[in-house]
Each structure stands twice: as C-alpha cells, then as structure tokens.
**Q** 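Got a structure for you, questions after.
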Amino acid sequence: MKKSILTSIVLLCVATFVNAGTVVMHDGSTISDVTIVSIEKGIIIVEKEKKNVTIPLKKIKGYYKTDFNGSQGNLENLSDYKLSISKVEVKEEKKGKSRKRRNYELEVSYRIQRIGENKKYRRIKMPYFFAYILLSADDNGNRKILFNYYPKEAKFRSKNGTNDRGALMKVLSSFERETVDVSAQHYNNLKNLGDKKVDITIKNSSKRKIIAYHLEVYGPMDKLAERDWHDAGARVGKHWWRNY
C-alpha cells in the first residue's frame, strides 16, 4: 500500500515537472536538488547536476518538492565508459591452503576507456560480469548449464539469468553498487598493455569438461561487451545459453 502511494506521489511530481526536490531514504539520508526523470519497474531515475542516477524504489522513504538545505546525501561524479574484452582463458583452479577444490576459473582480461562529457571523472560503476558455462554430458548424456557472475554483488534473484530484464535492471541499478577509481593502483593491475583482469569462479562443475561459454559484461545499465567460445569438437547451438 505504501509503495503504491509513493509511486503515485512521484508520478505526480514527474507530471508537474518539479525542478528541485528532495529524495529521503529509509536510512535517514537525503539527496536534495534533484529532478525525477523517469520510473520503470520499481526504479526511479533522478537528475542532479546534469547527471542521472538510478535508485530502487524500495530504498526511498519519500519525495518532497521542497529542496532541503544541508542535504546529507552525496551523488558521486561518475564517468561513462566503454569496455572491450581482450582475452578469456579457462583455467583449472589449483588447490589452495584450505585444500578445497573449486574446479575452474574464467580469467577475463579487459580494457576500459572513459568516454562522454563526464570522462574527466576517474570513478566508474564497477563492471558486472555474467558467464554461462556449458558442461560436457554426464553418463546419461545430459548437458548442464551453469550461471556465474562477478563480483558477488552481481548475484541474481532470478533463475533466468540476464534473460530476466527486470532482475537485471534491479541488480545493475542497486544503490549499493560499488564504484571504483580506474586510475587507482589497486584496481588497474596493469599487465599486457593496460589489461585489467577478473577471475570468475565456476562452481558445481563436478569435474566435467567445459565445452562452451557465453560471457556478457555490463556497465552502468547496458551491455558493453560479450564473448562466445565452444570446443571445436562439440556440437553447440547458436544461442544455447538461452535455455538456462
């Protein structure tokens, strides 16, 4: 009931083109001097200082068309960017100190380039990586598809992976999504002419061979890159991952 009332209030504000308002979060923080741009699938997009920021409706306690002074909320100045995948390797994980085996890792090398009018800003939203893994057949001839992600905050609540657009938007627009400084030494890990790397852990493979993968990488809201591979000796359909 509260959610529907809040949605009605926000829609009224959008319809009347409020120029300066304040969003109040459930945690008590406020973000002032914002304009509501749109509402879609439980997500509000607000504009502040010529920058759009997405906020899940469930995080918002209220919206007021009065601009509060002394706002506690801060919206980071983030850069848009493009991303290219330079290399993907499937590696068998080595036994660690705990002697636990996690089977495989997908090591992804990629490059980021800041673009657009805001490219002067060094911080970006952390790219999210989603990988579909096709395993070789078991003793009964059945193949299994695994869905993996990086970082852990990219975890899906849907069993349909990135095919579920609503679940995807919810993950990408999370108010708690990490931002990173692309020029910071701890993030750059400069190797191979500037490549950055992430390792996507492939769990529950039951030691079966990986015969194909489909990788998708998302920026703030959209897919920035993808990569496909399959073993030369394996018969794999063109869009096999959609069966996940």
Side-chain angles (χ1 to χ4, degrees), residues 41 81-96 100-113 115 124-174 177-178 189 191-244:
K41 295 180 180 179
Y81 62 95
K82 63 181 180 180
L83 182 148
S84 59
I85 300 170
S86 51
K87 188 177 182 181
V88 181
E89 290 186 271
V90 178
K91 295 187 173 183
E92 187 170 338
E93 273 198 342
K94 297 179 180 179
K95 292 181 179 179
K100 291 183 179 179
R101 189 184 184 90
R102 293 184 295 177
N103 297 308
Y104 299 103
E105 280 185 344
L106 206 63
E107 184 181 83
V108 184
S109 299
Y110 64 100
R111 298 179 182 181
I112 284 177
Q113 180 181 349
I115 58 174
I124 64 168
K125 284 191 175 182
M126 176 73 179
Y128 277 7
F129 298 77
F130 302 100
Y132 297 86
I133 307 297
L134 182 61
L135 302 177
S136 58
D138 60 18
D139 294 339
N140 296 319
N142 298 317
R143 292 176 173 179
K144 184 178 181 180
I145 300 175
L146 304 177
F147 181 64
N148 299 268
Y149 48 85
Y150 181 93
K152 64 180 181 180
E153 289 79 12
K155 183 176 181 179
F156 259 71
R157 299 300 179 186
S158 170
K159 294 183 179 180
N160 296 318
T162 58
N163 296 319
D164 188 334
R165 181 64 182 173
L168 176 62
M169 292 290 287
K170 185 175 181 179
V171 169
L172 295 178
S173 63
S174 171
R177 186 172 176 181
E178 182 183 4
N189 189 22
K191 295 180 181 178
N192 300 329
L193 300 178
D195 279 351
K196 300 170 179 63
K197 292 184 179 181
V198 298
D199 294 321
I200 305 173
T201 301
I202 311 302
K203 299 179 180 180
N204 302 320
S205 65
S206 303
K207 299 182 181 180
R208 285 156 60 185
K209 181 181 177 182
I210 293 177
I211 61 173
Y213 65 73
H214 172 71
L215 174 68
E216 298 179 357
V217 189
Y218 285 80
M221 296 300 287
D222 300 310
K223 186 191 301 182
L224 299 182
E226 59 186 328
R227 178 70 65 89
D228 292 291
W229 170 87
H230 68 85
D231 187 278
R235 289 182 131 188
V236 179
K238 188 174 182 181
H239 299 294
W240 55 268
W241 62 89
R242 293 181 181 173
N243 296 323
Y244 174 77

**Q** Taking the six-membered ring for Trp, are Tyr110 and Phe129 closer than 6.0 Å centroid to centroid?
**A** yes
**Q** Distance to the ring centre below 6.0 angstrom and angle to the axis at most 45 degrees; does that hold for Arg177 and Tyr128?
**A** yes
**Q** Using side-chain contact (heavy atoms from CB on, under 4.5 Å) as the criterion, list what pairs up with Ala167, not counting sequence neighbours.
**A** Phe156, Ser158, Asp164
**Q** So, for His214 and Trp240, which heavy atoms are closest and what is the spacing to 0.1 Å?
**A** N-CZ2, 3.6 Å
**Q** With sequence neighbours left out, which residue pairs that include part of residues 228-244 fulfil the salt bridge (Lys or Arg N to Asp or Glu O under 4.0 Å) condition?
**A** Lys209-Asp231
**Q** Using a strict threshold of under 4.0 Å (side-chain N to carboxylate O), is an ion pair present between Lys91 and Glu105?
**A** no
**Q** Does the side chain of Trp241 reach to within under 4.5 Å of the side chain of Leu134, using non-hydrogen atoms?
**A** no
**Q** Considering residues, nucleotides and ligands other than Lys82, do more than 12 of their heavy atoms fall under 6.0 Å from its NZ?
**A** no
**Q** Side chain of Arg111, backbone of Lys196: donor and acceptor closer than 3.5 Å?
**A** no
**Q** Carefully, step by step, assess Phe147 and Tyr132 under the rule ring pair (Phe, Tyr, Trp, His ring centres under 6.0 Å).
**A** CA-CA 5 Å; Phe147 181 64; Tyr132 297 86; 4.9 Å; yes
**Q** May I ask you to decide whether Lys155 forms a salt bridge with Glu153, counting only side-chain N to carboxylate O separations under 4.0 Å?
**A** no
**Q** Checking the side chain of Arg208 only, and the main-chain atoms of Ser136 only, is there a donor and an acceptor separated by less than 3.5 Å?
**A** yes
**Q** Report the residues that fulfil ring-ring contact (aromatic ring centres under 6.0 Å, His included) with Tyr213, sequence neighbours left out, ordered by chain and then residue number.
**A** Trp229
